[in-house]
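Accompanying notes for the structure given below.
Just so you know, residue 1 is the first one in the sequence shown, and it goes up from there.
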Amino acid sequence: SECQPKNVSLKTPLVKFKKGEEPKISLNIPLVSAIMQAVSNDTLAIALAIEGGVSFIYGSQSIEDQAEMVRKVKSHKAGFVVSDSNLTPESTLAEVVRLKEKTNHSTMAVTDDGKSHGKLLGVVTGRDYRVSRMSLDTKVKDFMTPIDKLITAKVGTSLKQANDIIWNNKLNSLPIVDEEGKLDSFVFRKDYDSSKSNVNELLDDDKRYIVGAGINTRDYKERVPALVEAGVDVLCIDSSEGFSEWQKLTIEWIREKYGDNVKIGAGNVVDSAGFRYLAEAGADFIKVGVGGGSICITRETKGIGRGQASALLDVVEARNEYYERTGVYIPICSDGGIVHDHHITIALALGAEGVQVGTRFVVANECIVHENYKQQLVKAKDIDSAVTGMSTGHPVRSIRNKMTKEYLRMEKEGADFMELEKLTLGSLRKAVVEGDVVNGTVMAGQIAGLLKKEQPCKEIITEIVSEAKKLMRVQ
């Protein structure tokens, strides 16, 4: 009677630990998102952390932009949330509307200087205005809820006390202010409700979502400090070939500067020699897989790689030997080769602690690729400029470009959603003809996203976890 899917725990270590100790970071589900521009941004990181996994924010962007994405994840749900939506009394309703569109937050602080830590003068929420009944040039001071009508709490109030105040006074949010009346942060009812309804949430000691970030072996001396300052929990060197001196030098620099306080994963490797090299270098976890990803071209361009199952069997054996010899357990993350959901279960059965997934997440509506497509479609002056602007994403560009052109043509001619849905199905047929089913499926998902048929990350996770639990049993 105990051997049921609901009794299976998918909790797994993310970083290394010594025998008899607990890892500093564990995953509640064995899934991390690929370090790809088309996949891992701040919105997917939040969605994945809610379900118990971790996302590694892509590093192929400026240091400042990547650090800002990390910062957004860490401030999204922290118990005490620093306000990122701020106004002055002289701001207008038009500015309120624009700010809500930008941040998607309906609670806005009104401070004397319009900054997150200015003197709190009031709060604006969706209940304070109606765009259809008010002029857009109406001043915020004329419709905000003023400070004398707000219930606030002082800095030093515990999170439990703050939630009690919210509950007892039937509030949606509680401003936290210092002795001078300056805004420190907000505590929101929705965060408490979220933590109760999402039991697998992956949180740090301060009740903030855990988030990772990808780095390279070139600008790490500048990038890593910025990411650490932003609050990143774990780093991972993003490379198709991890058995290199460059990764060793990167890890050594991080250890010298931060000791064991900064967790760093390395890879990718496909054999025992590569594992031992990175283990001795000080990696906290090691990724396995070269050439198995749906869009990976390493085998074609470098002539290296290995079947994913064979690579895992070899590396897992080396990991177990290393553990017996040193007493240090280094988790393995299987990267690539996931075509169907049950392949995740196979990777775990072969000995991996977790699986890095890209294709499966790229169709989630929290994924950055949908937003990129929508923005390009809006900004494009003509079909060719739209296609040119969509140069990032997946390399099956001949299929994508043809589909994009066809979509734009149909849209300009007033096509309805039924016709566009036919286009989506047509992309699958074309993918089969051209022999690229996996990436064709991804493209179908992208077009489906434009049709407002996106699949939320939560639904994707539920499907994967359900599949995994059916194939696993309580030992």
Side-chain angles (χ1 to χ4, degrees), residues 41-47 49-50 68-69 71-153 159 162-163 165-177 182-198 201 207-209 365-366 371 374 452 454 456-458:
N41 65 335
D42 52 302
T43 54
L44 185 69
I46 292 167
I50 289 174
E68 181 59 25
M69 282 191 178
R71 199 171 286 112
K72 286 180 179 179
V73 178
K74 299 305 291 185
S75 64
H76 182 80
K77 175 187 181 297
F80 297 95
V81 180
V82 176
S83 176
D84 67 351
S85 301
N86 307 291
L87 305 159
T88 70
E90 296 301 316
S91 300
T92 64
L93 178 58
E95 293 175 81
V96 171
V97 173
R98 286 196 297 269
L99 188 57
K100 183 177 181 181
E101 290 177 350
K102 177 182 178 181
T103 66
N104 201 31
H105 295 159
S106 58
T107 300
M108 305 177 191
V110 182
T111 60
D112 58 347
D113 58 3
K115 297 182 179 179
S116 56
H117 295 298
K119 185 174 182 179
L120 184 64
L121 303 177
V123 168
V124 171
T125 70
R127 294 178 298 180
D128 293 314
Y129 63 90
R130 287 291 180 271
V131 176
S132 60
R133 297 186 178 186
M134 298 167 60
S135 171
L136 289 175
D137 59 5
T138 305
K139 295 293 181 67
V140 164
K141 63 183 179 182
D142 294 329
F143 61 86
M144 71 180 187
T145 301
I147 185 67
D148 58 0
K149 293 185 179 180
L150 292 174
I151 295 175
T152 63
L159 185 57
N163 282 320
I165 294 172
I166 289 174
W167 180 262
N168 293 333
N169 292 278
K170 300 180 180 179
L171 305 175
N172 287 322
S173 63
L174 177 69
I176 307 297
V177 297
K182 293 183 178 180
L183 179 64
D184 177 80
S185 56
F186 279 95
V187 177
F188 293 97
R189 175 189 289 268
K190 65 178 179 63
D191 288 342
Y192 178 83
D193 294 339
S194 174
S195 66
K196 294 300 180 182
S197 59
N198 298 297
E201 280 187 325
K207 306 298 183 184
R208 301 177 299 178
Y209 289 130
N365 58 3
E366 294 90 349
E371 188 60 32
K374 291 171 185 175
K452 306 294 185 182
E454 310 103 311
C457 182
K458 186 178 183 68

Checklist entry - So among L87, T152, T107, V110, which one has a side chain to side chain contact (heavy atoms under 4.5 Å, CB included) with V123? => result T107

Compare every heavy atom of [Y] with every heavy atom of [X], then report the nearest pair and how far apart it is.
X    : Y    : answer
L121 : T111 : CD1-C, 4.0 Å
K139 : E90  : NZ-OE1, 3.0 Å
R71  : E68  : NH1-OE1, 3.0 Å
I166 : R189 : O-NH2, 3.4 Å
V140 : T88  : CB-O, 3.7 Å
A109 : S83  : CB-OG, 4.0 Å

Give, for atom [atom1] of [X] and atom [atom2] of [Y], the distance between the pair rounded to the nearest 0.5 Å.
X    : Y    : atom1 : atom2 : value
D184 : I176 : CG    : CD1   : 7.5 Å
N86  : H117 : CG    : NE2   : 9.0 Å
L99  : M108 : CG    : CE    : 4.5 Å
N163 : L171 : CG    : CG    : 11.0 Å
N169 : L174 : CG    : CG    : 8.5 Å

Is [Y] close to [X] at the side-chain level, that is, under 4.5 Å between some pair of heavy atoms?
X    : Y    : answer
V82  : S75  : no
R127 : N172 : yes
Y129 : M144 : no
F80  : V187 : yes

Measure from the side-chain N and O atoms of [X] to the backbone N and O of [Y], and report whether any donor-acceptor pair falls under 3.5 Å.
X    : Y    : result
N198 : I50  : no
K74  : Y209 : yes
N41  : L44  : yes

Next on the checklist: Run D128 and T145 through side-chain contact (heavy atoms from CB on, under 4.5 Å) and show every step you take.
Outcome noted: CA-CA 7 Å; D128 293 314; T145 301; 3.0 Å; yes

Item to check | Candidate pair E101 and R98, rule salt bridge (Lys or Arg N to Asp or Glu O under 4.0 Å), full reasoning | outcome: CA-CA 5 Å; E101 290 177 350; R98 286 196 297 269; over 6 Å; no

Next on the checklist: Pairing donors with acceptors under 3.5 angstrom, does anything connect the side chains of T138 and S135?
Outcome noted: no

Item to check | S85 and T103: side chain donor to acceptor below 3.5 Å | outcome: yes

Item to check | Flag if over 12 foreign heavy atoms under 6.0 Å of NZ, K115 | outcome: no

Next on the checklist: More than 12 heavy atoms of other residues, nucleotides or ligands under 6.0 Å from CG of D148: yes or no?
Outcome noted: yes

